[in-house]
Amino acid sequence: MCHVIVTCRSMLWTLLSIVVAFAELIAFMSADWLIGKAKPRSGAEPGEQGAGTPEPYHPTLGIYARCIRNPGVQHLPRETLCGPYAESFGEIASGFWQATAIFLAVGIFILCTVALVSVFTMCVQSIMKKSIFNVCGLLQGIAGLFLILGLILYPAGWGCQKAIGYCGHYASAYKPGDCSLGWAFYTAIGGTVLTFICAVFSAQAEIATSSDKVQEEIEEGKNLICLL
C-alpha cells in the first residue's frame, strides 16, 4: 500500500528540483547568452522619416541560437528574428561551445529526470533498499559538475568568428569584447548553484520523511501523512 508522505522539507526539495531543471533548460535554449554591440536600425518606414535617428538595437547570440534585426520582410511584423543559426551540431560556432552544449545537455537531462522522479517521492521513498532522496541528491551533484564544466568552457569560445561578428575584434577567449553577458548566462550560473543546494537539501528531505514521527503514523495505519 502506498503511504503518501508530505513534509515541508521534501516538498521544498521537490519544487526546487523542478524549478532548477526548467531554469537550466530555458537558459540553454535561449539566444540571450551574449548581447552584441549596438547596431544602427536600418530600413525605417516612410512615415518614420524625419522623426529622428532610430535607436540602435543589440543582436544576441546563444550557444546555438541568435536574435537579429528583422530585415524588413513584410509578412514578418516582429522587430527581431530569433532561431538557431546552426542547423546541425557540427555548425555550432566553436568547438568549445560544442563541448558546452554536450555538458549542459547531459546535466539538464539528469536534472529533468530527477525533477520527474521527485514528484513520486511522496509515495515511494526507496527502491531496492536505496533512498530515492539520496540517489537523487547524488545525481543532482553529478549534474552540477557537468553544468560547471559547460559554463567554464563556454567563455573559451568567445574568440570564434561568430562571436567576433557580434562582439567586435577585441573579443577573445574569456574576453567578451564589446558584448555584455545576457540573462541566460546568469540564469545558468544561478541554476548551477541551486543544483548543489538541492543536492544538499535532499539529505534533509530524507531525514524528514524517515523520522520517528512518520514511522509512528505509518504504524497507526495512516495512508496520508502531512508533517511541517
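Numbering starts at 1 and runs along the sequence shown. Computed over heavy atoms, backbone and side chain alike; hydrogens, waters and symmetry mates excluded. Note that the structure is a prediction, hence the values are computed from the model and not measured.
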Side chain of His58, backbone of Ile35: donor and acceptor closer than 3.5 Å?
no
Can you tell me how far apart CZ (Phe146) and CD1 (Ile148) are? Round to the nearest 0.5 Å.
12.0 Å
Taking only distance into account, with no hydrogens and no angle test, what donor-acceptor pairs under 3.5 Å do side-chain atoms of residues 191-199 form with protein atoms, sequence neighbours excluded?
{"residue": "Thr192", "atom": "OG1", "partner": "Glu24", "partner atom": "OE2", "Å": "3.4"}
{"residue": "Thr192", "atom": "OG1", "partner": "Ala188", "partner atom": "O", "Å": "2.8"}
{"residue": "Thr195", "atom": "OG1", "partner": "Gly191", "partner atom": "O", "Å": "2.7"}

Return the set of residues passing disulfide (SG to SG under 2.5 Å) with Cys67 (not counting sequence neighbours), or none when no residue passes.
Cys82
Under 3.5 Å, which donor-acceptor pairs link side chains of residues 86-101 to any protein atom two or more places apart or in another chain?
{"residue": "Glu91", "atom": "OE1", "partner": "Glu87", "partner atom": "N", "Å": "2.9"}
{"residue": "Ser94", "atom": "OG", "partner": "Phe96", "partner atom": "N", "Å": "3.0"}
{"residue": "Trp97", "atom": "NE1", "partner": "Tyr154", "partner atom": "O", "Å": "2.8"}
{"residue": "Gln98", "atom": "NE2", "partner": "Phe89", "partner atom": "O", "Å": "3.4"}
{"residue": "Gln98", "atom": "NE2", "partner": "Gly90", "partner atom": "O", "Å": "3.4"}
{"residue": "Thr100", "atom": "OG1", "partner": "Phe96", "partner atom": "O", "Å": "3.0"}
{"residue": "Thr100", "atom": "OG1", "partner": "Gly150", "partner atom": "O", "Å": "3.1"}
{"residue": "Thr100", "atom": "OG1", "partner": "Tyr154", "partner atom": "N", "Å": "3.2"}

Which donor-acceptor pairs under 3.5 Å do side chains of residues 25-32 form with protein atoms, sequence neighbours excluded?
{"residue": "Ser30", "atom": "OG", "partner": "Asp32", "partner atom": "N", "Å": "2.9"}
{"residue": "Asp32", "atom": "OD1", "partner": "Thr60", "partner atom": "OG1", "Å": "3.1"}
{"residue": "Asp32", "atom": "OD2", "partner": "Trp183", "partner atom": "NE1", "Å": "2.7"}

I'd like to check Lys162 versus Tyr85 (side-chain heavy atoms, cut-off strictly below 4.5 Å). Are they in contact?
yes
For the residue pair Trp33 and Leu181, establish whether any side-chain heavy-atom pair is separated by less than 4.5 Å.
no
Any heavy-atom pair between the side chains of Val119 and Ile18 that's under 4.5 Å?
yes
Measure across Ile164 and Ala171 and return the closest heavy-atom pair with its distance rounded to 0.1 Å.
CG1-O, 4.0 Å
Quick one: side chains of residues 102-111, donor-acceptor pairs under 3.5 Å with protein atoms, not counting sequence neighbours, listed by atom name and distance.
none

All heavy atoms of Ala23 vs all of Thr187, minimum pair found to be O-CG2, 3.7 Å
Contacts of Tyr174 meeting side-chain contact (heavy atoms from CB on, under 4.5 Å) (sequence neighbours excluded), chain-then-number -> Ile152, Pro155, Ala156
Listing request: all side-chain hydrogen bond (donor to acceptor under 3.5 Å, both in side chains) pairs with a residue in residues 135-149, at least two apart in sequence or in separate chains.
Trp13-Gln140, Ser17-Gln140
Contacts of type disulfide (SG to SG under 2.5 Å), residue Cys167, not counting sequence neighbours:
Cys179
Can you get from Ile189 to Leu34 by hopping between Ile, Leu, Val, Met, Phe, Trp and Tyr side chains that sit under 4.5 Å apart?
yes
side-chain contact (heavy atoms from CB on, under 4.5 Å) against Asp178, all qualifying residues, sequence neighbours excluded:
Lys37
To the nearest 0.5 angstrom, please state how far the CD1 atom of Ile132 sits from the CZ atom of Phe120.
10.0 Å
Grouping I, L, V, M, F, W and Y whenever their side-chain heavy atoms are under 4.5 Å apart, do Leu151 and Tyr186 come out in a common cluster?
yes
If two hydrophobic side chains count as joined below 4.5 Å and joins carry through other members, does Val114 share a cluster with Val200?
no
Once rounded to the nearest 0.5 Å, what's the spacing between atom CZ of Phe133 and atom CZ of Phe201?
11.0 Å
